[in-house]
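Each chain gets a letter, A, B and so on, in the order its sequence line appears, and its residues count up from 1.
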Amino acid sequence: MAGFLHACCLPICREVVVDQVAQRQSPVTESFLERVASGEPAAVEAVVDRYGALVWSIARRMSADPHDAEDAVQDIFADLWSNAARFDASIASETTFVSMIARRRLIDRRRRKGREPATKALPEFDITGGVDRSFDSVDLQDEVRIAKENLARLRPDQQRALELSIYQGCSHQEISEQLSLPLGTVKSHIRRGLTQIREAMARRNEP
Amino acid sequence: MTPLARRDALMDVLAERATSGLAPERELELVQLLAEFPEVDADHLDLAAAVLLRVWHSEDDLEPMPATLRRAVIARAPRRAVERPSALSDPPAAISVWWRPYAIAATLVMVFLAGRLLRDVPNQGRKIGPSLEQQLAAAADTRSHRWVAQGIEGYAGAQGEIVWSGSRQAGLMRLEGFPPNDPAKRQYQLWIVDPERDARHPVDGGVFDISGPEPVVIPLNLKLPLIAPRAFAITAEQPGGVVVSQGPHLAVATVD
């Protein structure tokens with residue numbers, strides 16, 4: 001009897017052991033978006049908790065009012081769920097990817113609704129000042145460092161054009177008027193600044 | 001324009017996309033430029049802009065998401081795995097599903113045959129039944145967009161409208177001034193620029209023929225759902241159409 005039971009149970013036990021070994025061997029990904037893409041039930045809440053403040057703050061900054069920002073946040077997270085599988089850690093940090101998705105949606109909403117007046121002018125930000133983000137990944141800190149270094153190499157009017165465009169949401173025309181620069185020059189400053197930073201990011205990721 | 005100048009033009013459009021967004025005509029231009037530079041991603045400069053934002057956006061600027069909004073976002077999230085491009089290459093599940101490869105193969109065959117059938121039955125300005133017109137009239141989001149000729153010789157008189165409802169995923173084209181085509185030599189092909197679906201590749205709207213000088217009405221025959229179309233374009237292609245068009249655009253309708 002014991003022998004019969006042993007013979008019956010052995011294949012089942014072996015299968016259970018194999019599954020347990022497989023689970024221990026499967027890599028634990030640190031990317032929240034990869035976990036969303038793989039269907040992990042707890043991953044959605046983890047993404048919202050990790051990036052909710054970032055997405056909400058960007059949305060508040062680029063929206064006409066809090067209600068509009070709330071609608072925008074809903075859209076942004078919907079975009080994140082459908083784009084989760086696109087995230088590639090070899091190209092950019094997850095925080096940068098989330099910020100990019102957020103900005104894309106907000107720019108699109110702003111464009112469809114017509115431009116709102118530029119946000120109130122803020123004092124120029126000292127780019128040499130540190131921004132301590134203790135929960136930020138090493139990758140993000142590295143990306144920000146590269147961006148700061150490359151920004152510091154630009155001329156002051158180029159830096160200002162980028163800040164007015166990206167941080168303050170000014171249109172190219174508004175920047176042209178504020179800095180008393182031709183529109184073509186403003187576009188050129190922005191293009192060159194972004195291209196320079198993007199190329200520096202790509203070099204960082206090269207093996 | 002030299003290749004270097006074309007690449008500069010692409011970076012100009014990408015910088016505009018990353019900072020102020022693109023008008024529909026510029027979305028069309030972006031699609032064409034990206035086709036010339038396949039190594040460049042549509043998000044190329046958006047990533048740089050996102051990193052720059054972190055330079056100025058300090059920790060003091062962050063505020064917690066309102067609790068009600070957090071709950072709403074979580075409640076609306078999908079409960080199953082989102083679409084993964086490499087799903088078919090994933091390792092097999094622990095529980096073998098022996099019929100899966102046969103189901104996938106059968107589905108692919110059906111999709112291929114459906115595509116061939118649809119492609120081989122081009123629209124020739126058939127009379128539109130009342131049901132499509134009624135559907136479009138009843139939908140609150142039905143919009144009409146005017147075709148604008150793009151200055152291509154022989155198509156200066158091309159005009160009309162494209163009518164589309166996102167909620168019904170249905171539409172039609174009214175066309176006039178397009179020269180008749182010989183389907184054995186050339187067919188018209190519709191393209192839809194829908195950046196939210198794919199910033200690089202426009203959606204293939206299928207081929208159609210125009211048999212005479214009179215105005216025609218052609219129902220849209222799309223194989224993929226549209227999310228937020230920004231522009232429509234018509235080209236002339238080889239019989240059966242192409243996967244990637246080299247243009248030129250004969251007529252364009254933009255979504256304002």
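With hydrogens and angles disregarded, a donor-acceptor distance shorter than 3.5 Å links the side chain of A/Arg103 to the backbone of B/Ala18. For A/Arg111 (side chain) and B/Leu22 (main-chain N/O), a donor-acceptor pair under 3.5 Å exists by modelled atom type. Judged by distance alone, with hydrogens and angles left aside, the side-chain atoms of A/Ser57 form a donor-acceptor pair with the main-chain N or O of B/Glu63 at under 3.5 Å. A distance-only check finds a donor-acceptor pair linking the side chain of A/Arg104 to the backbone of B/Arg17 [under 3.5 Å].
Neither the backbone nor the side chain of A/Arg192 comes within contact range of chain B, judged by heavy atoms closer than 4.5 Å. At a 4.5 Å heavy-atom cutoff, A/Arg145 makes no contact with chain B through either its backbone or its side chain. Proximity to chain B (any heavy atom under 4.5 Å) is shown, for A/Ile76, by neither the backbone nor the side chain. The contact between A/Leu162 and chain B is made by backbone and side chain atoms together, counting heavy-atom distances below 4.5 Å.
At most 12 heavy atoms of other shown residues, nucleotides or ligands fall within 6.0 angstrom of atom CZ in B/Arg146. At most 12 non-hydrogen atoms from other residues, nucleotides or ligands lie less than 6.0 angstrom from CZ of B/Arg76.
For the pair B/Met65 and A/Arg60, the minimum side-chain heavy-atom distance is 4.5 Å or more.
The existence of a salt bridge linking A/Lys187 and B/Asp12 is excluded, since no basic side-chain nitrogen approaches an acidic carboxylate oxygen closer than 4.0 Å.
Every residue two or more places apart in sequence or in another chain was checked for a salt bridge (charged side-chain N to carboxylate O under 4.0 Å, His left out) with B/Asp194, and none qualifies. In this structure B/Arg7 satisfies the salt bridge (charged side-chain N to carboxylate O under 4.0 Å, His left out) test together with B/Glu39, sequence neighbours excluded.
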Q | Trace of the side chain to side chain contact (heavy atoms under 4.5 Å, CB included) decision for A/Glu143 with B/Leu47 | A | CA-CA 10 Å; A/Glu143 285 172 347; B/Leu47 285 170; over 6 Å; no
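Of all non-hydrogen atoms in A/Ile166 and B/Leu53, the two that sit nearest each other are O-CD1, 3.9 Å.
Among B/Ala72, B/Pro66, B/Pro64, the residue making the largest number of heavy-atom pairs under 4.5 Å with chain A is B/Pro66. Residue with the most contacts toward chain B among A/Ile91, A/Ile146, A/Val73, A/Val47: A/Val73 (heavy-atom pairs, distance under 4.5 Å).
Between atom CD of residue A/Glu199 and atom NE2 of residue B/His44 there is a gap of 6.5 Å, rounded to the nearest 0.5 Å.
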